[in-house]
Amino acid sequence: MAYWLFKTEPDTFSIDTLRVQGSSCWEGVRNYQARNMMRDLVKEGDLVLIYHSSCKQVGVAGIAKVTKEAYPDHFALDPNSEYFDPKSDPENPRWVMVDIEFVRKTKRLIPLAVMKAMPELAEMPLVKRGNRLSIMPVSESEWQAILDKETR
């Protein structure tokens, strides 16, 4: 099992949205590096930190579990979708998505500012300047350090 952080804008899709839906596809990834990780490395059973970004309270808001490995993102083929990509081809899909299910909300939001101040997260891509990936790996020790902040 591996650990991941998936970024989302909560006004579009939040941990509460996932809680209500129970499960959802994680579509709309349009960065090649993030796509490659999702396509090649994200596996069924992996755990995911749901991270709220581009909002007032930025940080880890909950946990999800991958229930289906990468498959073609059909929204890329739909001209009515905001994720439409005219260069995408059904025979050789450019974009993929995975399915995730709600595990739980964190006991409290774990803010980015708190994570940036944690020495044990110094090498985590999230806290490094200029990192804009929507999907990133999280080591087991980073995962535990972040979840330890739920109660502090």
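Residue numbers start at 1 and run along the sequence shown.
Leu126 and Ile146 fall within the same hydrophobic cluster, where Ile, Leu, Val, Met, Phe, Trp and Tyr residues are linked whenever their side-chain heavy atoms come under 4.5 Å apart, directly or through other members. Hydrophobic cluster membership is shared by Val127 and Val138, with clusters built from Ile, Leu, Val, Met, Phe, Trp and Tyr side chains linked at under 4.5 angstrom. The hydrophobic cluster containing Val20 does not contain Ile50, counting ILVMFWY residues as joined when their side-chain heavy atoms lie under 4.5 angstrom apart, directly or transitively. Residues Met115 and Leu133 are members of one and the same hydrophobic cluster, defined by side-chain heavy-atom contacts under 4.5 angstrom among Ile, Leu, Val, Met, Phe, Trp and Tyr. One hydrophobic cluster, built from ILVMFWY side chains closer than 4.5 Å, holds both Tyr71 and Tyr83.
For the atom pair CG (Asp11) and OG (Ser54), the distance works out to 8.5 Å, reported to the nearest 0.5 Å. Going from atom NZ of Lys87 over to atom CZ of Arg94 covers 6.0 Å, rounded to the nearest 0.5 Å. With rounding to the nearest 0.5 Å, the separation of OG in Ser23 from CD1 in Ile100 is 9.0 Å. Rounding to the nearest 0.5 Å places OG1 of Thr8 at 11.0 Å from CD1 of Ile135. Between the CH2 atom in Trp4 and the CE atom in Met38 there is a gap of 10.5 Å [rounded to 0.5 Å]. Atom OG of Ser134 sits about 10.0 Å away from atom CD of Gln33, to the nearest 0.5 Å.
In this structure, His52 contributes its side chain and Ile15 its backbone to a donor-acceptor pair below 3.5 Å. Remark: side-chain polar atoms of Thr106 are paired, donor with acceptor, to backbone N or O of Ala61 under 3.5 angstrom.
Ring planes of Trp26 and Phe13: perpendicular class, angle over 60° (limits at 30 and 60°).
Between Lys65 and Glu44 there is no salt bridge, since none of the side-chain N atoms of the basic residue sits less than 4.0 Å from a carboxylate O of the acidic one. We find that Glu120 and Lys149 are not joined by a salt bridge, their nearest charged nitrogen and carboxylate oxygen being 4.0 Å or further apart. Taking a cutoff of 4.0 Å between a charged side-chain nitrogen and a carboxylate oxygen, Asp46 and Lys43 do not qualify as a salt bridge.
Counting heavy atoms of neighbouring residues, nucleotides and ligands inside a 6.0 Å radius, atom NZ of Lys116 does not exceed 12 of them.
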Problem set entry | Working for salt bridge (Lys or Arg N to Asp or Glu O under 4.0 Å), residues Asp73 and Arg35 | CA-CA 11 Å; Asp73 184 339; Arg35 182 228 32 209; over 6 Å; no
Problem set entry | Candidate pair Lys68 and Glu101, rule salt bridge (Lys or Arg N to Asp or Glu O under 4.0 Å), full reasoning | CA-CA 9 Å; Lys68 185 175 181 182; Glu101 72 179 7; over 6 Å; no
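The six-membered or imidazole ring of Trp95 lies away from that of Phe84, with a centre-to-centre distance of 6.0 Å or more.
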